[in-house]
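These notes concern the structure reproduced below.
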Amino acid sequence: MSPLLYLIVLAVSTVVGYLLIRNVPSLLHTPLMSGMNALSGVTVVGAVSATGLALLSATGGHLWLSQILGGLAIILATVNVVGGFAVTHRMLRMFNRKK
């Protein structure tokens, strides 16, 4: 596929995602955040496997670029998972009764 098509898919998915999340009631944000954390975990697994495949198929001179982008994807997805669970835990603590 051409890079232009990738950019179009990215732009359309960004707009659709923003419009969907904007219309979600605040009561549903915590369950949605938990679901998104699970999807971010899948992203970590995908980034690790894609980076591993890039290392195995060492064809061409773009191996270092694949390693850098794969490592960056792993780091960003892991930060997203950890931050998402921290925010979800903090939001759920607000519903606990004080003793």
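Counting begins at 1 with the first residue of the sequence.
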Exercise for the section: Could you tell me which residues satisfy side chain to side chain contact (heavy atoms under 4.5 Å, CB included) with Ala73, sequence neighbours excluded, listed by chain and number? Expected result: Ala47
Exercise for the section: Check whether Val12 and Leu4 end up in the same hydrophobic cluster, where Ile, Leu, Val, Met, Phe, Trp and Tyr are linked by side-chain heavy atoms less than 4.5 Å apart. Expected result: yes
Problem - Non-neighbouring partners of Val15 that pass side chain to side chain contact (heavy atoms under 4.5 Å, CB included), sequence neighbours left out - result: Leu19
Problem - Atom of Thr43, atom of Ala77 and distance for their closest heavy-atom approach - result: CG2-CB, 4.0 Å
